[in-house]
Undergrad: 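The structure that follows is given in the form of structure tokens.
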Amino acid sequence: MLKSMSSSDDHLVSLIVSSTGKSHLRQIHAVLLRTSLIRNSDVFHHFLSRLALSLIPRDINYSRRVFSQRTNPSVSHCNTMIRAFSVSETPGEGFRLFRALRRRKSSSLPANPLSSSFALKCCIKSADLLGGLQIHGKIVTDGFLSDSLLLTTLMDLYSTCEKSNHACKVFDEIPKRDTVSYNVLISCFLRNKRTRDALFLFDKMKKNEEVDGCSKPDNVTCLLALQACSSLGALDFGEKVHDFIEGNGLGDALNLNNTLVSMYSRCGSMDKAYKVFNRMREKNVVSWTAMISGLAMNGFGREAIEAFEEMLKLGVSPEEHTLTGLLSACSHSGLVDEGMMFFDRLKSGEFKMKPNVHHYGCMVDLLGRARLLDRAYDLIKSMEMKPDSTIWRTLLGACRVQGNVELGERVVSHLVELKAEEAGDYVLLLNTYSSVGKWEKVTEVRSLMKEKRLFTKPGCSVIELQGTVYEFVVDDVSHPRKEEIYGKLAEINQQLKIAGYKAETASELHNLDSEEEKGCALTYHSEKLAIAFGILVTPPGTTIRVTKNLRTCVDCHNFAKFVSGVYDRVVIVRDRSRFHHCKDGSCSCNDFW
DNA sequence: GTAGGGTTAG
């Protein structure tokens, strides 16, 4: 049966949907109440939708009031309200409304997949796993398990709640998986640190696409895959994604090109980053920032400054990220005067922004490297905003390098105050003590760490060979070729010793627990294992690229330098904060250890 | 326009 609507209702509806602003809607509301037209379900729904969803800024209180005045809301009315709550600051209310709706046994309101969908959105917004599990139960009893869209939303819920295994199970149950469901799972893997699984899935999509034709990677997939490559430093895989982008007509997408520039930089391949950047038909501030930050990370400080100046010349206004890249370029390349000059210009308002916590962080790093520790401390104290733990850690790192015990202790007390102490902080303090021979203090810190039950994060290094990513941890024995790898490492150690390499493990107490247990047994850091594996399985002359999750230590840094000379290989190690391009026995980095 | 799924470039 077609619903007939009188011409005046029609007029009213068009008035509602074209209404602008809250006062306008209030007037309409008054008319609706006066004429009793508010009782008309359709008219009411149009009004509620406009009020709850289209009006910007939204007024959830007004919507809630209007909704509660309705005596017999329909499923659609409830759905609109649940949806409104899902984008409000009180998503929990949406979930409660859903539960009330589904509990109303006496009512004849039918189960509706959209109710579940909007309620899931509410749970996603508030990361409410329990609520999500309840909705999942309802989806099963309501018989909605064949609804792919609904299941995709459910996956997103599990992803948000860090339950990637649940998300995988739901994915397996989706009757018809398409590009979006794959993308949700990939983003779930990225969010939950299952980066290698994300790449595996990208490959699977490409293969499946030939079979079913509806899971072809799109620009979102490529963006996610490139992010995965960036975080792993997986250059070969990144190039495969790049080829796919070019081969499928996505080569002009600005966001993809910007991400490509960033990916190549973060994989240590500045020439490829440059190539993409230069070929871009369209560039925005993000493109420039990606380039500047990439140059900074790889130790090309002067080039980063040149790029920044060229950007200004072209009339592109920098953003906060741009300045972060620029200042970090100065600090990483030891360009103290330049860094200070840019920071002064930033403070003067020339770039139409105020320095943020990241900008201050770069300056603390810069001053720390310039051995101006007290100035760095004063700078932190002068900040308008509250210094975060990262900024204190930067200073702590500088204290360790320069053996400044007194300031190091003070910095740790700030971290304690912030309730942000980590094992790594105490390791830095401990190393500061040991660098000046305060052994009783070293023991004290060790027992303090035990007392506080602080454990160091395991170091992990990855190396990619022909698109496959291999992962190593300290003293890794999980690799099938472990004997060969350890054999190779022993050989490398011998060769390096001849060349003058001396293991330097005393100053870096990176692996406290095992070191104590094993006495003086040899401990192999993950990056050494990864480098040895690379030497073992690649032909002579091949560049070795290793990515590490933590900062690399002095010893491994020296190890990489010597390997580059003795084995005539370019060794590129990316650690948590920068690149070490080692060639002919020396490193591009400016870190003075 | 009474409707629902993924991305937040640096």
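Since the structure is predicted, the reported quantities are computational estimates derived from the model, not experimental observations. Every chain is numbered from 1, with letters handed out A, B, ... down the list of sequences.
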Undergrad: Suppose we screen for ring-ring contact (aromatic ring centres under 6.0 Å, His included). Which residues come up paired with A/His24, at least two apart in sequence or across chains?
TA: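 With neighbours one apart ignored, the set is empty.
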
Undergrad: Between A/Asn258 (CG) and B/dA9 (P), how many Å, whole number?
TA: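 So the two atoms are 10 Å apart, to the nearest Å.
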
Undergrad: So if I take every side-chain heavy atom of A/Ser117 and compare against B/dA3, B/dG4, B/dT7, which nucleotide ends up nearest?
TA: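 Nearest nucleotide to the side chain: B/dG4.
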
Undergrad: Under 4.0 Å between a side-chain N or O of A/Ser262 and OP1 or OP2 of B/dG10?
TA: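 Checking A/Ser262 against B/dG10: at least one side-chain N or O falls below 4.0 Å of OP1 or OP2.
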
Undergrad: Base, sugar-phosphate alone, or nothing: which one does A/Ser181 contact when heavy atoms must sit under 4.0 Å apart?
TA: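 It contacts base atoms.
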
Undergrad: Test of understanding: with side chain to side chain donor-acceptor pair (under 3.5 Å), list the residues that count as partners of A/Asp197, not counting sequence neighbours.
TA: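 Listed in chain order: A/Arg194.
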
Undergrad: Between B/dT2, B/dG10, B/dT7, which one does the side chain of A/His321 approach most closely?
TA: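 In terms of side-chain proximity for A/His321, the closest of B/dT2, B/dG10, B/dT7 is B/dG10.
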
Undergrad: Can you sort out the partners of A/Pro355 under side-chain contact (heavy atoms from CB on, under 4.5 Å), two or more places apart, ordered by chain and number?
TA: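 Testing A/Pro355 for side-chain contact (heavy atoms from CB on, under 4.5 Å), a comparison that skips the adjacent residues, returns A/Phe343, A/Leu346, A/Lys347, A/His359, A/Tyr360.
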
Undergrad: Check this for me: does the side-chain of A/Asp178 come within 3.5 Å of the base of B/dG5 through a donor and an acceptor?
TA: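 A donor-acceptor contact between them is present.
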
Undergrad: When you check the phosphate oxygens OP1 and OP2 of B/dT2, does a side-chain N or O of A/His46 lie under 4.0 Å from one of them?
TA: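 The answer is yes; a side-chain N or O of A/His46 sits under 4.0 Å from OP1 or OP2.
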
Undergrad: Listed by chain and number, what are the side-chain contact (heavy atoms from CB on, under 4.5 Å) partners of A/Arg177, not counting sequence neighbours?
TA: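 Scan of A/Arg177 (side-chain contact (heavy atoms from CB on, under 4.5 Å), adjacent residues dropped) gives A/Phe171, A/Ile174, A/Ser181, A/Tyr182.
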
Undergrad: Charged N to carboxylate O below 4.0 Å: is that the case for A/Asp156 and A/Arg191?
TA: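 Looking at A/Arg191 together with A/Asp156, the answer is yes, because their closest N to O distance falls below 4.0 Å.
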
Undergrad: Need one value for A/Val184: base, sugar-phosphate or nothing, where a base atom within 4.0 Å counts as base even if backbone is also close, heavy atoms only.
TA: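 Here A/Val184 touches the backbone only, sparing every base.
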
Undergrad: Which part of the nucleic acid, if any, lies within contact of A/Asn257, taking any heavy atom under 4.0 Å across all strands shown: a base, the sugar-phosphate backbone alone, or nothing?
TA: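 No contact.
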
Undergrad: Who passes side-chain contact (heavy atoms from CB on, under 4.5 Å) against A/Thr153, sequence neighbours left out?
TA: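 Expected list: A/Ser117, A/Leu120, A/Ile124.
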
Undergrad: Report the residues that fulfil ring-ring contact (aromatic ring centres under 6.0 Å, His included) with A/Phe300, sequence neighbours left out, ordered by chain and then residue number.
TA: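 A/Phe300 satisfies ring-ring contact (aromatic ring centres under 6.0 Å, His included) with no residue once adjacent residues are dropped.
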
Undergrad: Please give me every residue in residues 133-159 of chain A whose heavy atoms get under 4.0 Å of an atom in DNA chain B, ordered by residue number.
TA: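 Contacts with DNA chain B under 4.0 Å: A/Asp147, A/Leu149, A/Leu150, A/Thr152, A/Thr153, A/Asp156.
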
Undergrad: Using atom P in both nucleotides, what's the gap between B/dT7 and B/dA3 to the nearest angstrom?
TA: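 My reading of the P atoms in B/dT7 and B/dA3 gives 23 Å.
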
Undergrad: I want to verify a distance call: between B/dA3, B/dG4, B/dG1, whose nearest atom is closest to the A/Thr80 side chain?
TA: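 From the listed options, B/dA3 comes nearest.
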
Undergrad: Could you tell me whether A/Lys240 sits above the aromatic face of A/Phe237, with NZ or CZ closer than 6.0 angstrom to the six-membered ring centre and within 45 degrees of the axis?
TA: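 Flagged: A/Lys240 positioned over aromatic ring of A/Phe237.
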
Undergrad: Just to verify, what does A/Thr289 make a side-chain contact (heavy atoms from CB on, under 4.5 Å) with, not counting sequence neighbours?
TA: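 side-chain contact (heavy atoms from CB on, under 4.5 Å) check on A/Thr289 returns A/Val285, A/Ser293, A/His321, A/Thr322.
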
Undergrad: Looking at B/dA3, does its base get a donor-acceptor pair with the side chain of A/Ser49 below 3.5 Å?
TA: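 Answer is no: no donor-acceptor pair is held.
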
Undergrad: Contact class for A/Leu256 (heavy atom, under 4.0 Å): base, sugar-phosphate, or nothing?
TA: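 No contact at all - A/Leu256 keeps every heavy atom at 4.0 Å or more from the nucleic acid.
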
Undergrad: With a 4.0 Å heavy-atom cut-off, tell me which residues in residues 274-299 of chain A come close to DNA chain B, sorted by residue number.
TA: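 The answer is A/Asn284, A/Val285, A/Val286, A/Thr289, A/Ala290, A/Ser293.
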
Undergrad: In residues 226-248 of chain A, what residues come within less than 4.0 Å of DNA chain B, judged by heavy atoms?
TA: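 The stretch gives A/Gln227 as the residues lying under 4.0 Å from the strand, ordered by number.
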
Undergrad: Using the C1' atom in both, what is the distance from B/dG5 to B/dA9, to the nearest Å?
TA: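 Between the two C1' atoms, the distance is 22 Å.
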
Undergrad: Ion pair present between A/Lys207 and A/Asp203, side-chain N to carboxylate O less than 4.0 angstrom?
TA: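 Answer for the salt bridge query: no.
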
Undergrad: Can you name the residues that form a side chain to side chain donor-acceptor pair (under 3.5 Å) with A/Asn61, not counting sequence neighbours?
TA: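 Scan of A/Asn61 (side chain to side chain donor-acceptor pair (under 3.5 Å), adjacent residues dropped) gives A/Arg64.
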
Undergrad: If the condition is side chain to side chain donor-acceptor pair (under 3.5 Å), which residues does A/His358 pass it with, not counting sequence neighbours?
TA: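 Here no residue qualifies.
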
Undergrad: Check every atom of B/dA3, B/dT7, B/dG5 against the side chain of A/Leu114 and return the nucleotide holding the closest atom.
TA: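 Nearest listed nucleotide: B/dA3.
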
